[in-house]
Amino acid sequence: MKLTEQLAASLLFGASLLMAEGCTHRDLNDDAPTTIADNVEVIFDWSKSPAKEAQTMILYLYSDEHEMMDYRFNNPDGGLIRTYGGLHTAVCHSNDDPYGHHLRNHHSHDDIEIYTDETAVLVGQNISTRSIPRAKGTEEEPLRNTPSMIYGTQDRDIFLKVSALPQRIELSPEELICRYSVEFADVENLKSADLRIDATISSLAGGFYPGKMTPTSEAVSHTFTLTADLERGSLNSEFYTFGLPYGEEMPHKLCLYIALKNRTGSFYTFDVSDQVNKAPDPRNVSIKIYGLKLPEIPDDPLPPQGEGGVSIEVDSWDTYHFDLKV
């Protein structure tokens, strides 16, 4: 009987190695075989995110008795893993943009954080951020890239037996990211403007804690680009954010940067606090601004973007401030 059980365990372990293709993880401590759960199936259930747009997933398993284990799946569905038995906290998130998203504090399930890079250039008109003006009160906020979509979730009560028999971890990832849209309607002098205009929006969350399913409390300014619609006379942009910083409500300033050929520029600030903080759906925020009048821009175009790897430096900015109400 014992020989049969050993043979069955060997076959199960061999099958797990074959089926785990496309899943990579760190090695376990094989000096302690009595602590191992050999045949654990990880299933990502996408019922909370029917689009199921993720291509890769990362799973972290935390326990009080063993080191954190991480597993990378080259698919959105999951696979077989080998891990420690016992009580675990699980955290997972998609990993489709490893160059745009960064991770820190991943050895703690409460502190693991996803965040984005600081930016040195406003990419629409290739404006260097070294000398751009900032809205009052936001001068110390980091200028960060917007994130792309991220899915994830956590579960603090996963118990795995020390066994070679099949076991299951099932997690339901959901969207961790908010959608923002900005529209400038009825814009004057739009035909004389560059077709891509740069902007920032202040005091949004700098990252996200997937282990707590909350945004961080750090306030940053996100950079984004508006595209001109000459037929409609509007400037438009859609982008993702981590949402509002965790904690007290903050004011939000939208800044518009228009660089001119003569190395001067126009700098507009709009207080959009009401439209952001009082949005009916904080995960889908729409900002709309009417009656913007752009300056007359010289006929000569700006230098090609990124020419010689050098960004545009603007010597001076004409500044305009607007307070908006919902």
Requested in this report: For Leu61 and Ile81, run side chain to side chain contact (heavy atoms under 4.5 Å, CB included): C-alpha distance rounded to whole Å, both residues' side-chain angles, the deciding distance at 0.1 Å, then the answer.
Outcome: CA-CA 11 Å; Leu61 291 179; Ile81 65 170; 4.0 Å; yes

Query raised in the report: Angle class for the Phe239/Phe224 ring planes (parallel below 30°, perpendicular above 60°, tilted otherwise)?
Result: parallel

Query raised in the report: Would Ser63 and Leu87 satisfy side chain to side chain contact (heavy atoms under 4.5 Å, CB included), going step by step from the backbone distance to the final call?
Result: CA-CA 6 Å; Ser63 74; Leu87 186 64; over 6 Å; no

Query raised in the report: Within the distance-only criterion (no hydrogens, no angle test), does the side chain of Asp198 pair as donor or acceptor with the backbone N or O of Gln125 below 3.5 angstrom?
Result: yes

Report summary line: Distance col, row Asp117:CG vs His101:NE2, nearest 0.5 angstrom, shows 10.0 Å

Query raised in the report: Excluding sequence neighbours, so at least two apart, what forms side-chain hydrogen bond (donor to acceptor under 3.5 Å, both in side chains) with Thr116?
Result: none

Requested in this report: Return the orientation label for the Phe242 and His222 ring planes: parallel under 30°, perpendicular over 60°, tilted otherwise.
Outcome: tilted

**Report entry** Atom pair CZ/NZ of Phe44 and Lys48 - distance to nearest 0.5 Å
**Finding:** 14.0 Å

Requested in this report: Measure from NZ or CZ of Arg104 to the centre of the six-membered ring of Tyr115 and say whether it is under 6.0 Å with the direction within 45° of the ring axis.
Outcome: yes

Report task. Check Tyr60, Phe208, Tyr151 against His93 for a ring-ring contact (aromatic ring centres under 6.0 Å, His included) and give me the one that passes. Result -> Tyr60

Query raised in the report: Is the number of heavy atoms from other residues, nucleotides or ligands under 6.0 Å of Tyr320 OH greater than 12?
Result: yes

Query raised in the report: Taking C-beta and beyond as the side chain, do Leu176 and Pro210 meet within less than 4.5 Å on heavy atoms?
Result: yes

**Report entry** Exceeds 12 heavy-atom contacts within 6.0 angstrom, atom CG of Asp64
**Finding:** no

**Report entry** Candidate pair Thr216 and Tyr246, rule side chain to side chain contact (heavy atoms under 4.5 Å, CB included), full reasoning
**Finding:** CA-CA 6 Å; Thr216 66; Tyr246 184 81; over 6 Å; no

Query raised in the report: Sub-3.5 Å donor-acceptor pair from the side chain of Thr223 to the main-chain atoms of Leu122, do we have one?
Result: no

Query - Nearest-0.5 Å distance, CZ of residue Phe184 to CD1 of residue Ile289 - result: 3.5 Å

Query raised in the report: Which of these, Asp97, Asp96, Asn95, sits in a side-chain hydrogen bond (donor to acceptor under 3.5 Å, both in side chains) with Thr56?
Result: Asp96

Report task. Establish whether Ile114 and Phe73 are linked, either directly or via other cluster members, by ILVMFWY side-chain heavy-atom contacts under 4.5 Å. Result -> yes

Requested in this report: Please test Asp271 against Ser273 for side chain to side chain donor-acceptor pair (under 3.5 Å), starting from the C-alpha separation and ending with a verdict.
Outcome: CA-CA 6 Å; Asp271 188 334; Ser273 303; 2.6 Å; yes

Requested in this report: Scan side-chain atoms only and decide if Thr83 and Tyr71 contain a donor-acceptor pair under the 3.5 Å cut-off.
Outcome: yes

Query raised in the report: Going by atom types alone, do Asp318 and Ser266 pair a side-chain donor with an acceptor below 3.5 Å?
Result: no

Query raised in the report: Out of curiosity, does Leu256 fall in the hydrophobic cluster containing Val121 (side-chain heavy atoms, cut-off under 4.5 Å, transitive links)?
Result: no

**Report entry** Basic-acidic side-chain contact under 4.0 Å: Asp38, Arg82
**Finding:** yes

Report task. Calculate, to the nearest 0.5 Å, the distance between atoms CG and CD belonging to Leu103 and Glu113 respectively. Result -> 8.5 Å

**Report entry** Lys/Arg-Asp/Glu bridge criterion (N-O < 4.0 Å) met for Asp186, Lys288
**Finding:** no

**Report entry** Donor-acceptor contact below 3.5 Å, side chain His252 vs main chain Ser202
**Finding:** yes

Report task. Could you state whether Val40 and Ile58 fall into the same hydrophobic cluster, counting links through intermediate Ile, Leu, Val, Met, Phe, Trp or Tyr residues with side-chain heavy atoms under 4.5 angstrom apart? Result -> yes

Query raised in the report: So, the side chain of Tyr257 versus the backbone of Pro133: is there a donor-acceptor pair under 3.5 Å, distance only?
Result: yes

Query raised in the report: Could you walk me through whether Leu59 and Leu171 pass the side chain to side chain contact (heavy atoms under 4.5 Å, CB included) check?
Result: CA-CA 10 Å; Leu59 169 67; Leu171 299 165; 3.7 Å; yes

Requested in this report: Please lay out, stage by stage, how Ser203 and Glu141 fare under the test side chain to side chain donor-acceptor pair (under 3.5 Å).
Outcome: CA-CA 8 Å; Ser203 304; Glu141 289 185 1; 2.7 Å; yes

Query raised in the report: Does Glu183 come within less than 4.0 Å of Arg232, counting only side-chain N to carboxylate O?
Result: yes

Report task. Ignoring hydrogens and angles, tell me if any N or O in the side chain of Tyr268 forms a donor-acceptor pair with the backbone of Lys293 under 3.5 Å. Result -> yes

Report summary line: Residue pairs meeting side chain to side chain donor-acceptor pair (under 3.5 Å), one or both in residues 165-176, sequence neighbours left out, come to Asp45-Ser172, Glu175-Arg179

**Report entry** N/O donor-acceptor pair under 3.5 Å between Arg156 side chain and Gly211 backbone
**Finding:** yes

Query raised in the report: Is any side-chain heavy atom of Val276 closer than 4.5 Å to a side-chain heavy atom of Ile287?
Result: yes

Query raised in the report: Is there a chain of hydrophobic side chains (I, L, V, M, F, W, Y, each step under 4.5 Å between heavy atoms) that links Leu230 to Leu294?
Result: yes

Query raised in the report: Got Asp155 and Ile169 here, is their nearest side-chain heavy-atom distance under 4.5 Å?
Result: no

Requested in this report: Keeping the roles fixed (side chain from Ser234, backbone from Ala185), state whether a donor-acceptor pair exists under 3.5 Å.
Outcome: no

**Report entry** Contacts of His109 that satisfy ring pair (Phe, Tyr, Trp, His ring centres under 6.0 Å) - sequence neighbours left out
**Finding:** Tyr62

Query raised in the report: Is the backbone N or O of Asn277 less than 3.5 Å from a side-chain atom of Asp274, with the two atoms forming a donor-acceptor pair by type?
Result: no

Report summary line: d(Thr225 OG1, Ile197 CD1) to nearest 0.5 Å is 10.0 Å

Report task. Enter the distance from Ser221:OG to Leu254:CG here, rounded to the nearest 0.5 Å. Result -> 10.0 Å

Query raised in the report: Does CD belonging to Glu248 count more than 12 external heavy atoms closer than 6.0 Å?
Result: no

